[in-house]
Amino acid sequence: MTTPSHLAGWNILPLAVRIDGVQPYSLPGDLPAVTDKPAELVPTARGIRSVLDHHRAVAACAEGPSYLQVAVLVDDDGRTASVGQDGSVVAGDAVEELAATVHRMTGQSLEPLHPHLRRALVVHLDAPDLPVLAAASSVTFSAISRDGWSVVVTDDESGWWALRTGLAEPAIALSSDGAARSLEVLLGDQDPAGYTDKDQADAVCGLSWGPQWTAVSVAEDSSAAAELTREVVGICASRTSQVQIESVASVFDLDPTDTKRLANYVHGASSPLVLESVLQLLELPVIAAKVVEGAKSLEELDDAARYEPSSLPEAWIQSLTQEPTAHGLGASVHRTVLRRPELLLAVAGMQVAAGTGLAALARRAGQAAPALGALSALAFADAAGTTALYSVARKRKSQKPDAV
């Protein structure tokens, strides 16, 4: 029998308040130190906590490098959960009133959770596949490819979720705001964890690191508000389980030694290097970790490219201009075509010859004439397509002679 959640009727609203600046102070209303230069008043975590305590809000918070993350409970009408005089949970002030107090007391604004949040998808697609991905998803993104994997960064939130939820290929979703970090393995059609529900399978293949979450103001007692606050803190501070670690290790076929290394990384501190270490262990492009940590931007990288939605036929043509980064026969053939586009012209010549021969046979074939005529037309159509690909490949070679 499961214990009913105290969260029934309440929703967790993630918010954040800036706490770094030139001239911090300890409590709302404290005067800044005397200085010759004008200073920006920015509160400390203690100051924001006192504002939340003033509203007796049922909330949890965690201090990051520059923002205090806050999880506030609200009902369907947007009113915050508040601690009653007897320790009960009652509907308190509206979120707008809480935000107004924060602004009045600290000069700062409540913002969406993780204002510094950066995200990237590491997709098991190579550079030639990316134009088709942009066309199929109708999403604009920037990307860089390494060893058959691509690091993809979308322009906005809607594009991120469109790609994340629409991928059929395995992918890894990375995020970091400088304090909280996560790595989720999106399994596509695979389900090695044995779950029949894909969302549950994805969830069990996730790793997370984060700051310490604490209650804002409720005492450690058995009141309804205290129990609800502890539940909120438990949800926000949930850590990666051993099942999740083993699931990720299974997906990437790690041996026992590397699985132990992965567990050590997960149980370690949330640092700017932890995602990079995990990606290196999983043999995935570590540049993705540098991107989500803000150490590198895709715009700084010479081999990064931007992809915009187009028609599928145009995307297939664009794919030819992208040099693969993977190894294998298919990638080698693709690179050879880019270096020697005249090979396509030779193929087109053979297709024309085949079409001409089939047309001649069709004229003398009697009942088989319609079928041979159709094959002849198909051969001529293929020749026209191959000639178009030749033109694109030759143009790319003339524009980027050092790229291949």
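Only heavy atoms go into these numbers, but all of them, side chains included; no hydrogens, no water, no symmetry mates.
Under a 3.5 Å cut-off, the side chain of Arg18 and the backbone N or O of Tyr67 do not form any donor-acceptor pair. Thr101 places a side-chain N or O within donor-acceptor distance of the main-chain N or O of Glu97, the cut-off being under 3.5 Å. For Gln280 (side chain) and Ser277 (main-chain N/O), no donor-acceptor pair under 3.5 Å exists by modelled atom type.
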I would like to know whether Arg118 and Asp177 meet side-chain contact (heavy atoms from CB on, under 4.5 Å); could you show each step before the answer?
CA-CA 6 Å; Arg118 298 181 182 88; Asp177 70 348; over 6 Å; no
Is there a side chain to side chain donor-acceptor pair (under 3.5 Å) between Thr140 and Glu308 once you walk through the steps?
CA-CA 5 Å; Thr140 299; Glu308 297 185 356; 5.3 Å; no
For Asp155 and Arg306, what are the C-alpha separation, side-chain angles and deciding distance, and is it a salt bridge (Lys or Arg N to Asp or Glu O under 4.0 Å)?
CA-CA 10 Å; Asp155 290 352; Arg306 186 169 176 79; 2.5 Å; yes
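From Leu183, atom CG reaches atom CD1 of Ile172 across 7.0 Å, with rounding to the nearest 0.5 Å. The line from OG of Ser150 to CG of Asp129 is 7.5 Å long, rounded to the nearest 0.5 Å. To the nearest 0.5 angstrom, Ser176 atom OG is 7.5 Å from Leu117 atom CG. Lys260 NZ to Ile245 CD1: the interatomic distance, rounded to the nearest 0.5 Å, is 11.0 Å. Once rounded to the nearest 0.5 Å, the distance linking CD of Glu169 with NE2 of His124 reads 10.0 Å. Atom CG of residue Leu207 and atom CG of residue Leu262 lie 5.5 Å apart, to the nearest 0.5 angstrom.
The pair Arg261-Asp255 does not meet the salt-bridge criterion, since no charged nitrogen lies less than 4.0 angstrom from a carboxylate oxygen. A salt bridge links Lys290 with Glu276: at least one charged nitrogen is closer than 4.0 Å to a carboxylate oxygen. Salt-bridge check for Arg46 with Asp53: failed, with every basic side-chain N at 4.0 Å or more from each acidic carboxylate O.
Using a 4.5 Å heavy-atom threshold, the side chains of Trp209 and Thr240 count as separate. Between Arg146 and Asp303 there is a side-chain heavy-atom pair separated by less than 4.5 Å. Between Val102 and Val51 there is a side-chain heavy-atom pair separated by less than 4.5 Å.
Considering Asp302, Val152, Val153, Leu301 in turn, Leu301 is the only one that fulfils the side-chain contact (heavy atoms from CB on, under 4.5 Å) rule with Ile144.
In plain terms, the two heavy atoms of Val89 and Trp10 that are nearest each other are CG1-CZ2, 3.8 Å. The two atoms that bring Val139 and Pro309 nearest to each other are N-CG, 3.6 Å, heavy atoms only.
Under a cut-off of 6.0 angstrom, the local environment of CD in Glu157 is crowded, with over 12 non-hydrogen atoms contributed by other residues, nucleotides or ligands.
The closest side-chain donor-acceptor pair between Ser82 and His55, if any, does not fall under 3.5 angstrom. In this structure, a donor-acceptor pair under 3.5 Å is present between the side chains of Ser182 and Ser175. Checking Arg49 against Thr214 by side-chain atom types alone, a donor-acceptor pair falls below 3.5 Å. Side-chain atoms of Arg181 and Ser270 form a donor-acceptor pair, as typed in the model, at a separation below 3.5 Å.
In terms of the salt bridge (charged side-chain N to carboxylate O under 4.0 Å, His left out) criterion, Glu246 has no residue partners (sequence neighbours excluded).
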